[in-house]
Peer 1: 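I have a structure here, written as structure tokens, and I will follow up with some questions on it.
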Amino acid sequence: DAGVTQSPTHLIKTRGQQVTLRCSPKSGHDTVSWYQQALGQGPQFIFQYYEEEERQRGNFPDRFSGHQFPNYSSELNVNASLLGDSALYLCASSQPDGETQYFGPGTRLLVL
Amino acid sequence: GESVGLHLPTLSVQEGDNSIINCAYSNSASDYFIWYKQESGKGPQFIIDIRSNMDKRQGQRVTVLLNKTVKHLSLQIAATQPGDSAVYFCAEKRMDSSYKLIFGSGTRLLVRP
């Protein structure tokens, strides 16, 4: 049974470019959350998707947007990327009405 | 402000000893807590969770203790092994923000051979 998968593993962008990250949830999970983890810090909640809608959002600017597809997979998009967006982006999935979130390996984004 | 924090940023223990990692939270509305282990270059791995109606929960070699009176959470690892070396995060979920997990800054556990 595959766990949460994310792609790509690493991504390098130039400031101002758009970023798209992808996530496939664990089998049986329908809810996907995205977190940003800066070096040496704990993950910070960006938003959560359920039934293809953004259900809750953290304190991130509108440049951060997402999408959830009918198969429960999800994308995180960052428009007009900034140097400060460089971080590890983590996707977590959970079961219907479940609280425990299971994380993928993350995508390491570097904005130059 | 409200936060989930850890007392010790780095903990060094001898292989075979027991480890205790502590975490303080400030919001009494928190009702669910999780411990995660994060190895270098990997995503956080679920270890154990506990709800606010419990004081203690045990897993394989791990025990989580919750003291709601002083808003304190701890993770005990028995017979610590080299493979336990990682950064450990506690996370909380609050009843007033139903879906997001709020993480502390983490504690690095180093196991000496």
Side-chain angles (χ1 to χ4, degrees), chain A residues 2-7 9-10 21 23-26 29-51 53-60 64 66 68 74 87-108, chain B residues 1-10 21 23-27 29-54 57 59 64 73 75 86-108:
Chain A
V4 180
T5 60
Q6 293 186 243
S7 62
T9 56
H10 294 80
L21 310 180
C23 170
S24 290
K26 187 177 169 67
H29 290 189
D30 66 351
T31 302
V32 173
S33 303
W34 287 92
Y35 292 80
Q36 180 194 67
Q37 186 176 23
L39 198 61
Q41 298 183 20
Q44 298 290 315
F45 177 79
I46 302 175
F47 41 54
Q48 184 180 89
Y49 276 82
Y50 171 70
E51 292 188 338
E53 298 278 340
E54 182 184 288
R55 178 156 75 169
Q56 187 175 5
R57 189 179 183 89
N59 188 25
F60 278 80
F64 289 78
Q68 186 178 32
S74 177
L88 179 67
Y89 288 85
L90 294 162
C91 170
S93 72
S94 50
Q95 292 181 321
D97 299 324
E99 292 179 298
T100 307
Q101 296 182 18
Y102 296 88
F103 284 83
T107 294
R108 175 73 62 185
Chain B
E2 297 174 340
S3 66
V4 174
L6 299 176
H7 296 307
L8 297 174
T10 304
I21 301 172
C23 177
Y25 65 96
S26 56
N27 192 324
S30 296
D31 61 349
Y32 180 63
F33 304 88
I34 307 177
W35 281 101
Y36 286 95
K37 170 187 179 184
Q38 188 173 26
E39 297 175 277
S40 181
K42 297 184 179 180
Q45 175 188 354
F46 172 85
I47 302 174
I48 192 168
D49 58 1
I50 189 168
R51 296 191 180 280
S52 58
N53 61 353
M54 303 171 68
R57 192 166 188 215
V64 55
L73 191 69
L75 176 69
V87 177
Y88 289 79
F89 292 98
C90 64
E92 66 174 314
K93 191 174 74 66
R94 303 176 182 174
M95 289 184 285
D96 61 353
S97 55
S98 305
Y99 306 114
K100 69 177 180 181
L101 294 176
I102 300 170
F103 285 80
S105 56
T107 292
R108 181 173 298 281

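Here is how names work: the chains are called A, B, and so on, in the same order as the sequence lines, proteins then strands, and each is numbered from 1.
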Peer 1: At a heavy-atom distance under 4.5 Å, which candidate from A/Ser33, A/Gly42, A/Cys91, A/Pro43 has the highest pair count against chain B?
Peer 2: A/Pro43
Peer 1: Does any backbone or side-chain atom of A/Tyr35 lie under 4.5 Å from a heavy atom of chain B? Answer side chain, backbone, both or neither.
Peer 2: side chain
Peer 1: Would you please classify the geometry between the B/Phe46 ring and the A/Tyr102 ring as parallel, tilted or perpendicular, with 30° and 60° separating the classes?
Peer 2: tilted
Peer 1: Could you look at B/Leu101 and say if it's the side chain, the backbone, both or neither that has a heavy atom under 4.5 Å from chain A?
Peer 2: both
Peer 1: Under the salt bridge (Lys or Arg N to Asp or Glu O under 4.0 Å) test, which residues partner B/Arg51, sequence neighbours left out?
Peer 2: A/Glu99
Peer 1: Ignoring hydrogens and angles, tell me if any N or O in the side chain of A/Gln101 forms a donor-acceptor pair with the backbone of B/Lys100 under 3.5 Å.
Peer 2: no
Peer 1: Restricting to non-hydrogen atoms, name the atom on A/Thr100 and the atom on B/Ile34 that form the minimum distance, rounded to 0.1 Å.
Peer 2: CA-CD1, 4.3 Å
Peer 1: Please flag which part of A/Leu88 lies under 4.5 Å from any non-hydrogen atom of chain B: side chain, backbone, both or neither.
Peer 2: side chain
Peer 1: Between A/Arg108, A/Gln37, A/Gln41, which has the largest tally of heavy atom pairs under 4.5 Å with chain B?
Peer 2: A/Gln37
Peer 1: Below 4.5 Å from any heavy atom of chain A, which atoms of B/Gln38 appear? Answer side chain, backbone, both or neither.
Peer 2: side chain
Peer 1: Count the heavy atoms of every other residue, nucleotide or ligand shown that sit under 6.0 Å from CG of A/Asn59, and state whether that count exceeds 12.
Peer 2: no
